There are 2 protein chains.
Amino acid sequence: MEEYNEKQLSIIIVAERLFADQGFHGTSVRDIAQEADVNIAMISYYFGSKDKLLESVFRYRMEASRKFINELVQNDTMEPLEKINSLIDRYINKMLGEQHFHCIMNREQLNKEKSPVRDLIWELKREMLGLMQPIVTRAQEAGTFDKEVDVVMLMTTLFGTINQAIPAQYILRNDIEFENMNDDDFKEYLRNRLSTHLKKLFKAILTHEF
Amino acid sequence: MEEYNEKQLSIIIVAERLFADQGFHGTSVRDIAQEADVNIAMISYYFGSKDKLLESVFRYRMEASRKFINELVQNDTMEPLEKINSLIDRYINKMLGEQHFHCIMNREQLNKEKSPVRDLIWELKREMLGLMQPIVTRAQEAGTFDKEVDVVMLMTTLFGTINQAIPAQYILRNDIEFENMNDDDFKEYLRNRLSTHLKKLFKAILTHEF
DNA sequence: GTTTAAATTAAACGTTTGTTTAACTTTGCT
DNA sequence: AGCAAAGTTAAACAAACGTTTAATTTAAAC
C-alpha cells in the first residue's frame with residue numbers, strides 16, 4: 001500500500017487527465033509540470049520517469065478497482081439476475097466516474113508491445129471475469145440462466161458497450177437536443193440510458209424473459 | 001477519388017501498421033521511412049506532414065468503408081433479422097480484416113481535441129447508424145422487432161463488443177488452449193465465437209425468440 | 001539530344017523531448 | 001543551534017523529433 005503526499009497526488013491526477021485527453025506520447029512532462037504547478041524535475045524526483053508516472057497512475061486507480069471488485073463479491077443474498085444488474089450499475093458508475101482512467105486503459109490496451117501497464121490492464125480484466133463467471137455458471141447449473149450463453153463474450157459486451165459510449169458522449173454532446181443540458185444532467189441521462197439498455201440485454205439473453 | 005502510386009501506398013500501409021501498434025505519437029517518421037524502405041523526406045514530399053499522412057491513411061480506408069456501407073444497403077429481399085445478421089457478420093469480417101485501421105480509429109476517437117481525423121471517425125459512425133436505424137425502425141413498426149429497443153445503444157453494443165474483442169486476442173492468444181493454433185485458425189475461431197454471440201444477443205433483444 | 005519537371009537523396013535545421021545536474025531552501029531531529 | 005535529509009529550483013544535457021534544404025538522379029516531353 002503506497003502513500004502519496006499532496007504534491008505527488010496532484011501530479012498523478014493532472015497526468016491522468018492529460019494522458020486521457022492527449023495520449024501518453026502526446027503529453028510532455030512539461031505539460032504535466034505546468035498544469036500541476038510543480039517544477040519539471042519533481043516528476044523524475046518522485047516517480048523516476050514518465051513511464052513510471054503512468055504506472056503510478058495505474059497503481060493508484062487499480063487499488064480502487066480491486067476494492068470495487070471485492071465489494072461486488074459481497075451481498076450473497078441476492079438472486080443471480082439481481083447480482084448481474086448490480087454489477088452492471090456499479091460498473092457503469094465506476095467507468096463514468098473514472099472516465100480519464102478508463103480512457104487511458106482503452107488506449108494503452110491497444111499497444112502491441114508488452115509493458116507493465118498492459119499487463120496490469122489484463123490482470124484487472126481477468127479479475128472482473130473471475131468474479132462474473134461463477135455467478136453466471138452457478139445460475140446456469142441451477143437452471144435460472146440459459147446454459148449456452150458465452151460468459152466471456154458477455155463480459156466483452158459489457159466492457160465494450162460502456163467503453164464505446166464514453167467517447168460517443170463528446171459527439172452526442174454537440175447534438176441539438178442536448179446542447180443546453182449541463183454536464184451532470186447529461187452524465188445522469190447517459191447513465192440511465194446505458195443501464196436500461198444493458199439490463200434489458202442481459203436479462204433477455206440470460207433468462208429469456210422481458 | 002485520389003490515386004496513390006506504389007511508393008505512396010507502401011508508406012500508407014506501413015504507417016497504418018505502426019500507428020496501430022505504437023500509436024500516432026509513439027511512431028516517428030523515421031520508423032515509417034525505414035520500414036517502408038523510403039527516404040524520410042519522401043513523407044513530407046508526398047503527404048506534406050505526419051498529420052496529413054494519418055489523414056491519408058484514413059481517407060484510404062474510409063473509401064472502402066463507404067463502399068462497405070453502400071453494399072449493406074442492397075439486398076432488399078431479406079427479412080429484418082436476416083439483414084441484421086448479415087450486417088453483424090459483415091462488420092465482424094471488416095473489423096477483423098482491417099484490424100490495424102480499426103485499432104487506430106479506437107485510439108484516435110478518444111482524443112479530446114477536435115481534429116479532421118476525429119471528425120471523419122464520427123462521420124463514419126453516423127453513416128453506419130443511419131443504415132441500421134431504418135432497418136430496425138421499419139421492423140419495429142411492422143411488429144417484428146421489440147418497439148422499446150434503443151437502436152443507438154444497440155449499435156454501441158455491436159461496435160463496442162467487436163472493438164473490445166480485438167485487443168483481447170493478443171492476450172487470449174497466449175492462453176494454453178490456443179498456443180499451438182495458427183493465426184488464421186485463431187481468427188476464424190474468434191470470428192465464429194463473436195458471430196454466434198452477437199447474433200444470439202440481437203435476436204433475443206429484438207425478437208424475444210431463441 | 002536538350003529541356004523541364006518529378007523523384008530521390010544525405011545533410012542540416014531548429015524544436016522539443018525526457019532526464020540530470022548542481023546549487024539552494026526547507027524541514028525535522030537531537 | 002547545528003546537522004542531515006528531503007524538497008525544490010533554474011539551467012543544462014544529449015537524444016530524438018518533424019521538417020526543410022539544396023544537390024543530384026530519373027523520367028517524360030518536345
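Keep in mind the model is a prediction, meaning the values are calculated, not measured. Atoms considered below: every heavy atom in the structure, side chains included; atoms not considered: hydrogens, waters and symmetry mates. Protein chains get the first letters and strands the later ones, always in sequence-line order, with residue 1 at the start of each.
Taking atom CD1 of B:Ile43 as the reference point, atom P of D:dC17 lies 12 Å away to the nearest angstrom. For the pair A:Leu53 CG and C:dG18 C1', the interatomic distance rounds to 12 Å; values are reported in whole Å. Atom pair B:Ile32:CD1 and D:dT19:P shows a separation of 10 Å (rounding to whole Å applied). Summarising the geometry, the separation between CD on A:Glu6 and P on C:dT26 is reported as 18 Å, rounded to the nearest angstrom. At whole-Å resolution of the value, CE in B:Met42 and C1' in D:dT20 are 14 Å apart. Rounded to whole Å, the distance from CZ on B:Phe47 to P on C:dT8 is 12 Å. Whole-Å rounding puts the A:Asn39 CG to D:dG7 C1' distance at 11 Å. Per the geometry, NZ belonging to B:Lys50 stands 11 Å off C1' belonging to D:dA16, to the nearest Å.
Of the possible polar contacts, one joining the B:Ser10 side chain to the B:Lys7 backbone as a donor-acceptor pair under 3.5 Å is found. A donor-acceptor contact shorter than 3.5 Å is absent between the side chain of B:Lys203 and the backbone of B:Asn85.
Under the 30°/60° scheme for interplanar angles, the aromatic rings of B:Tyr91 and B:His102 are found to stand perpendicular.
Where B:Asn5 and A:Arg30 meet DNA chain C, the nucleotide closest to each residue was compared, and B:Asn5 sits on the side nearer the 5' end.
Which of D:dT9, D:dT8, C:dA6 sits closest to the side chain of B:Tyr45 comes down to C:dA6. Relative to the side chain of B:Ile40, the nucleotides D:dT19, D:dT21, C:dT19 differ in distance, and D:dT19 lies closest. Of the candidates C:dT9, D:dG18, C:dA7, the closest approach to any side-chain atom of B:Tyr46 belongs to C:dA7. When distances are taken from the side chain of B:Ala41 to each of C:dG18, C:dT8, C:dA10, the shortest belongs to C:dA10.
Contact check, B:Ser28 against D:dC17: a side-chain N or O comes under 4.0 Å of OP1 or OP2.
Salt-bridge formation is detected for the pair B:Glu188/B:Arg191: a Lys NZ or Arg NE/NH1/NH2 atom is positioned less than 4.0 Å from an Asp or Glu carboxylate oxygen. Ion pair B:Glu55/B:Arg59 flagged as a salt bridge, since at least one NZ, NE, NH1 or NH2 atom sits closer than 4.0 Å to an Asp/Glu carboxylate oxygen.
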